[in-house]
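Let me begin by presenting the structure, written as structure tokens, before commenting on it.
These numbers come from the heavy atoms of this one structure, side chains and all, not from hydrogens, waters or symmetry mates. In what follows, every chain begins at residue 1, and chains take the letters A, B, ... in the order their sequences are listed.
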2 protein chains.
Amino acid sequence: MAQDAPIDRAPTGQEIADWVRQRIRTGRFVPGQRLVEVDIIRQTGASRSKVREALKRLEGEGLVEIEEFRGASVRSSTLDEVRQIYRARMALEGMAAHDFTVNADAATLERLKALQAQLDTCVHERAPDRFGRLNNEWHRLIVEGSGNKVIADHLQRLNVPIHRLLFESFYDEERLKTANADHQAMLTLILAGDAEGAERAMRQHIGDGFDTLARIEDEFYS
Amino acid sequence: MAQDAPIDRAPTGQEIADWVRQRIRTGRFVPGQRLVEVDIIRQTGASRSKVREALKRLEGEGLVEIEEFRGASVRSSTLDEVRQIYRARMALEGMAAHDFTVNADAATLERLKALQAQLDTCVHERAPDRFGRLNNEWHRLIVEGSGNKVIADHLQRLNVPIHRLLFESFYDEERLKTANADHQAMLTLILAGDAEGAERAMRQHIGDGFDTLARIEDEFYS
DNA sequence: ATGGACGAAATTGTCAACAATATCGTTGTC
DNA sequence: GACAACGATATTGTTGACAATTTCGTCCAT
């Protein structure tokens with residue numbers, strides 16, 4: 001599933017960008033780490049122009065930082081910047097939840113119900129890692145099902161730098177339970193057609209997610 | 001103020017991207033128009049690598065479309081895509097209005113009041129063009145003053161493809177009046193510290209903006 | 001040992017030439 | 001006149017070599 005190996009044919013700039021993004025998400029490229037062109041060339045088999053193109057693209061997305069004659073490095077986010085990202089997520093994903101309630105078709109609703117059942121299982125089995133993955137799918141399903149590609153695109157960009165953090169919280173079992181309860185409540189609101197309720201719930205849910213995260217970070221740094 | 005002439009020293013990729021963006025905003029590059037590398041080189045004095053870098057960057061922002069061996073052209077938005085953009089704006093700028101109410105300092109509030117006074121004058125003098133410019137400043141002040149740079153950044157990207165549309169509506173005098181009334185009402189809510197009220201008002205205001213636009217487009221195309 | 005000066009190596013930035021492809025006008029045929 | 005085949009031109013894609021700058025190790029004086 002997750003393509004992580006070098007690519008056989010000559011990769012396009014977009015593919016290299018994807019490759020780097022993935023490695024940032026999975027934590028193989030950590031914040032501050034320098035991204036040396038030759039290394040990427042060796043690992044992907046791409047030409048230098050393509051690598052440089054990809055790095056420029058990633059700079060545009062705010063994922064890497066490029067200094068003149070020093071090259072690219074993975075940008076690190078302060079806690080305050082993470083807070084700002086979460087605030088943007090609250091706005092956009094809240095809107096997505098609203099529009100999902102209005103627009104989602106029957107098949108998508110079924111998929112959401114099925115996903116919810118799987119998430120419930122994870123809670124019972126105390127499987128935070130699997131919960132994290134399914135949780136991501138759950139959120140993505142809402143966003144894609146809202147029918148707003150612009151919002152989906154911006155949310156995807158917002159999520160990359162915090163991707164790893166999205167899993168952190170679920171090792172706290174209390175948080176895992178409340179998060180799942182949030183999802184169940186949202187599902188009920190969605191099925192009832194209460195778009196504004198779903199939006200409020202989504203915003204609250206994401207806001208709580210950040211609060212948990214901030215608490216963890218505080219403990220970590222104190 | 002608006003720098004439109006070629007640049008003297010060798011421009012950076014970012015500067016060329018800005019240059020192209022500006023020309024798209026001001027309508028000198030219209031949707032569908034092809035952006036030939038040599039032309040941009042001639043007009044900016046930049047090297048080809050830089051121009052190509054800039055175009056790739058703009059592609060990443062969704063502003064231009066690049067086809068293999070056919071080059072870059074200005075992307076055109078369908079009415080539905082504009083609707084999606086407005087929906088994203090409602091979410092993000094609504095959140096910005098909320099946070100502005102909580103975070104804005106006294107100096108910024110004064111600037112907002114001054115701007116509002118200028119806008120009132122424009123309504124009296126029936127100056128839709130000036131109103132459009134000041135209106136943009138008004139919205140930007142709210143966003144910048146909210147203290148959330150992430151949201152500010154995403155909003156700026158959202159606005160570029162619809163920049164010209166933002167002026168269209170104000171040639172309808174009715175719209176100009178209601179828009180200004182909206183601003184006044186929002187200012188009152190902000191000064192009263194009613195963050196949630198300000199957010200609701202902002203969302204309503206932007207939603208109405210799109211409705212007006214959609215009506216104009218409908219008339220235009222029928 | 002510490003710190004500075006120097007130079008080699010590593011890394012990024014720039015440019016120009018060439019290859020691949022698309023575009024457009026011309027010609028010839030029906 | 002319509003249309004296909006063809007070639008000339010224009011345009012974009014790719015590569016490699018070279019320049020500019022930083023980085024890092026070495027040597028030397030204190």
Side-chain angles (χ1 to χ4, degrees), chain A residues 5-24 28-76 161, chain B residues 5-24 28-76 161:
Chain A
I7 317 173
D8 9 346
R9 71 189 149 57
T12 70
Q14 183 61 62
E15 282 167 335
I16 299 168
D18 288 343
W19 184 84
V20 174
R21 253 190 301 262
Q22 171 120 1
R23 284 180 95 89
I24 292 178
R28 306 233 258 161
F29 286 162
V30 298
Q33 179 170 343
R34 290 186 54 182
L35 303 174
V36 179
E37 293 176 359
V38 207
D39 294 343
I40 301 180
I41 291 171
R42 267 198 286 268
Q43 294 184 65
T44 61
S47 65
R48 192 148 91 100
S49 352
K50 292 297 184 188
V51 171
R52 288 174 66 77
E53 173 191 326
L55 290 174
K56 282 279 154 62
R57 200 181 284 247
L58 292 167
E59 185 197 22
E61 294 177 16
L63 248 147
V64 313
E65 209 169 15
I66 299 184
E67 271 176 297
E68 184 149 6
F69 294 113
R70 290 216 47 230
S73 50
V74 181
R75 259 199 45 178
S76 54
Chain B
I7 318 174
D8 3 345
R9 71 188 150 59
T12 70
Q14 184 61 64
E15 284 168 332
I16 299 167
D18 288 342
W19 184 85
V20 174
R21 240 182 258 121
Q22 170 122 0
R23 284 179 95 88
I24 291 178
R28 305 234 259 163
F29 286 162
V30 298
Q33 178 169 345
R34 289 185 56 182
L35 303 174
V36 179
E37 293 176 0
V38 202
D39 293 344
I40 301 180
I41 292 171
R42 267 198 284 268
Q43 293 184 65
T44 61
S47 66
R48 196 149 90 99
S49 348
K50 291 297 182 186
V51 170
R52 287 175 66 79
E53 173 193 326
L55 290 173
K56 283 279 152 65
R57 198 182 284 248
L58 292 167
E59 184 196 23
E61 294 176 17
L63 251 153
V64 313
E65 210 169 14
I66 298 184
E67 270 176 297
E68 184 148 8
F69 294 113
R70 290 215 49 229
S73 49
V74 181
R75 255 198 49 178
S76 53

Atom-to-atom span, CZ of B:R70 to P of C:dC24 - whole angstrom: 9 Å
Looking at B:R57 and B:E61, is any side-chain nitrogen of the basic one under 4.0 Å from a carboxylate oxygen of the acidic one? no
Among D:dT22, D:dT14, C:dT21, find the nucleotide with the atom closest to the side chain of A:F69. D:dT22
Do the non-hydrogen side-chain atoms of B:L55 and B:I40 ever get within less than 4.5 Å of each other? yes
Closest to the B:R34 side chain: D:dG13, C:dT23, D:dT23? C:dT23
Which whole-number value in Å describes the distance from A:Q33 CD to C:dT11 P? 14 Å
Gap between atoms NZ and P, on A:K50 and D:dG13 respectively (whole Å): 8 Å
Would you please say whether a donor-acceptor pair under 3.5 Å links the side chains of A:Q14 and A:D18? yes
Distance in angstrom units between A:E37 CD and D:dT22 P, rounded: 16 Å
Report yes if the side chains of A:V64 and A:R75 come closer than 4.5 Å at any heavy-atom pair, otherwise no. no
Give B:L35 one of three labels, base, sugar-phosphate or nothing, depending on what nucleic acid heavy atoms sit under 4.0 Å from its own. sugar-phosphate
Within this structure, what is the CD-to-P distance between A:E67 and C:dT12, rounded to whole angstrom? 12 Å
When we call it a touch if two heavy atoms are under 4.0 Å apart, what does B:S47 touch: a base, just sugar-phosphate, or nothing? sugar-phosphate
Strictly below 4.0 Å: does A:R52 bring a side-chain N or O up to OP1 or OP2 of C:dG13? yes
Whole-Å distance separating the CD atom of B:E53 from the P atom of D:dG13: 15 Å
In whole angstrom, give the distance that lies between atom CD1 of A:I41 and atom P of C:dT11. 11 Å
Return the nearest nucleotide to the side chain of B:E68; candidates are D:dG13, C:dC15, C:dT12. D:dG13
Any Lys/Arg nitrogen of A:E53 or B:K56 sitting under 4.0 Å from an Asp/Glu carboxylate oxygen of the other? yes
Roughly how many Å is it from CD1 in B:I66 to P in C:dT21, rounded to a whole number? 18 Å
